[in-house]
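Heads up: the structure comes next, in structure tokens.
Residue numbers run from 1 in the order of the sequence given.
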Amino acid sequence: MTAWLSFLVAFLCSWSLRDLVVEACTCVPIHPQDAFCNSDIVIRAKVVGKKLMKDGPFGTMRYTVKQMKMYRGFQIMPHVQYIYTEASESLCGVKLEVNKYQYLITGRVYEGKVYTGLCNWYEKWDRLTLSQRKGLNHRYHLGCGCKIRPCYYLPCFATSKNECIWTDMLSNFGHSGYQAKHYACIQRMEGYCSWYRGWAPPDKTIINATDP
């Protein structure tokens, strides 16, 4: 009976742990520009291999990548060979396909290794808009001194001259919104920041707050 009780307690504890882990990965929406500015490394790369490493209780997935271009992180790590992420999606691990797509990958460097996860910005390269690609090359860098403030309920107002109000959450979530796809928040004269759309034509179906 004692052995059975011990087994039952261990089973329930492990079940509860798995239940908690499933709910563990929750990410706050972030504009691509903030994801760029807050990352140590931003690269365009193709995944050419993967290996499950025996790190931690659930393991770590190590992706071998062929770096096509680096947009941020030259001084930290000029060439990236491996990307590390949690093996479990419930712990925000990223699943990347091998020898299939080129990806935009953002991440942080810890003890000489590049880590990424579901809360970082990663995307198949061919899904990025022209404005996002231009942002990676030049525009996002110009706005790293600006603050992008999410707006969840109207009205929303800037509280300082270096703020841009991000209203995608009124109808979308995170990277899928119109502002995220087509705008960069650029620092102008005297420290003022404002949205810059670049090439993309205006979308007349969007409320004025997203089309400054």
Side-chain angles (χ1 to χ4, degrees), residues 3-129 132-133 135-137 140 172-176 180-181:
W4 167 249
L5 284 176
S6 299
F7 170 79
L8 182 61
V9 169
F11 173 78
L12 290 175
C13 287
S14 64
W15 181 83
S16 300
L17 176 61
R18 288 198 304 271
D19 226 28
L20 289 172
V21 167
V22 168
E23 302 298 329
C25 187
T26 302
C27 304
V28 175
I30 183 171
H31 189 278
Q33 179 174 310
D34 273 349
F36 173 91
C37 294
N38 294 335
S39 296
D40 294 328
I41 297 291
V42 180
I43 61 171
R44 175 183 179 182
K46 184 175 183 179
V47 178
V48 295
K50 67 178 181 179
K51 181 179 181 180
L52 180 63
M53 312 297 288
K54 301 299 182 181
D55 299 335
F58 297 96
T60 301
M61 186 64 70
R62 186 187 74 182
Y63 289 104
T64 304
V65 299
K66 179 181 179 182
Q67 179 177 306
M68 317 300 289
K69 187 172 182 178
M70 175 169 283
Y71 300 94
R72 187 174 180 85
F74 305 98
Q75 296 178 344
I76 302 174
M77 185 180 294
H79 183 80
V80 178
Q81 184 178 6
Y82 300 114
I83 297 288
Y84 294 82
T85 189
E86 293 290 341
S88 170
E89 287 185 90
S90 60
L91 291 178
C92 297
V94 170
K95 301 298 182 184
L96 304 176
E97 297 192 55
V98 178
N99 290 321
K100 198 166 184 180
Y101 304 106
Q102 290 187 25
Y103 290 94
L104 168 75
I105 302 173
T106 67
R108 303 302 298 267
V109 175
Y110 179 70
E111 293 185 347
K113 297 179 180 179
V114 181
Y115 289 87
T116 193
L118 292 177
C119 295
N120 296 94
W121 185 29
Y122 76 100
E123 184 60 89
K124 294 174 184 175
W125 182 257
D126 59 7
R127 290 186 178 179
L128 298 180
T129 65
Q132 287 174 331
R133 296 182 191 189
L136 292 167
N137 279 303
Y140 292 158
N172 293 283
F173 195 77
H175 304 147
S176 61
K181 289 181 177 180

| field | Over 12 non-hydrogen atoms of neighbours within 6.0 angstrom of CZ in F74 | value | yes
| In Å, rounded to the nearest 0.5 Å, how long is the span from CD of E123 to OH of Y103? | 9.5 Å
| remark: Rounded to the nearest 0.5 angstrom, the CH2-NE2 distance for W121 and H31 is 8.5 Å
| field | From I43 atom CD1 to K66 atom NZ, the distance as rounded to the nearest 0.5 Å | value | 13.0 Å
| request: Indicate, with yes or no, whether the SG-to-SG separation of C119 and C92 is under 2.5 Å. | output: no
| said: With a 3.5 Å distance limit and no angle check, can you tell me whether T106 reaches the backbone of F36 through a side-chain donor-acceptor pair? | reply: no
| query | Could you state the interatomic distance from OG1 (T85) to OH (Y122), rounded to the nearest 0.5 Å? | reply | 8.5 Å
| request: Flag the pair K46 / W125 as yes when at least one side-chain heavy-atom distance between them is below 4.5 Å, and no otherwise. | output: no
| query | Does V109 have any side-chain contact (heavy atoms from CB on, under 4.5 Å) partners at least two apart in sequence or in another chain, and if so, which? | reply | D40, I41, I76, M77, V114
| query | Are any of the side-chain heavy atoms of V94 and N120 separated by less than 4.5 Å? | reply | no
| message | Restricting to non-hydrogen atoms, name the atom on Q67 and the atom on V80 that form the minimum distance, rounded to 0.1 Å. | response | OE1-N, 2.7 Å
| request: Rounded to the nearest 0.5 Å, what's the gap from OH on Y82 to CE on M53? Could you check? | output: 8.5 Å
| query | Under the salt bridge (charged side-chain N to carboxylate O under 4.0 Å, His left out) rule, what pairs show up with a residue in residues 77-103, not counting sequence neighbours? | reply | E97-K100
| Among pairs that include at least one residue of residues 52-91, which meet disulfide (SG to SG under 2.5 Å), considering only residues two or more places apart or in two chains? | none
| field | Listed once per pair and sorted, the disulfide (SG to SG under 2.5 Å) pairs that draw on residues 40-81, sequence neighbours left out | value | none
| field | Gap separating the CG atom of L128 from the NZ atom of K181, nearest 0.5 angstrom | value | 10.5 Å
| query | Under 4.5 Å between any side-chain heavy atoms of R44 and Y71, yes or no? | reply | yes
| field | Over 12 foreign heavy atoms within 6.0 Å of CZ, R127 | value | no
| task | Heavy atoms only: give me the nearest Y140-P32 pair and the separation to one decimal. | result | OH-CB, 3.6 Å
| said: Going by side-chain hydrogen bond (donor to acceptor under 3.5 Å, both in side chains), name the residues that satisfy it together with R72, two or more places apart in sequence or in a different chain. | reply: none
| task | Name all residues meeting the ring pair (Phe, Tyr, Trp, His ring centres under 6.0 Å) criterion together with Y84; count only those two or more places apart in sequence or in a different chain, and write none if there are none. | result | Y115
| query | Would you say the side chain of L96 lies within less than 4.5 Å of the side chain of V65, judging by non-hydrogen atoms? | reply | no
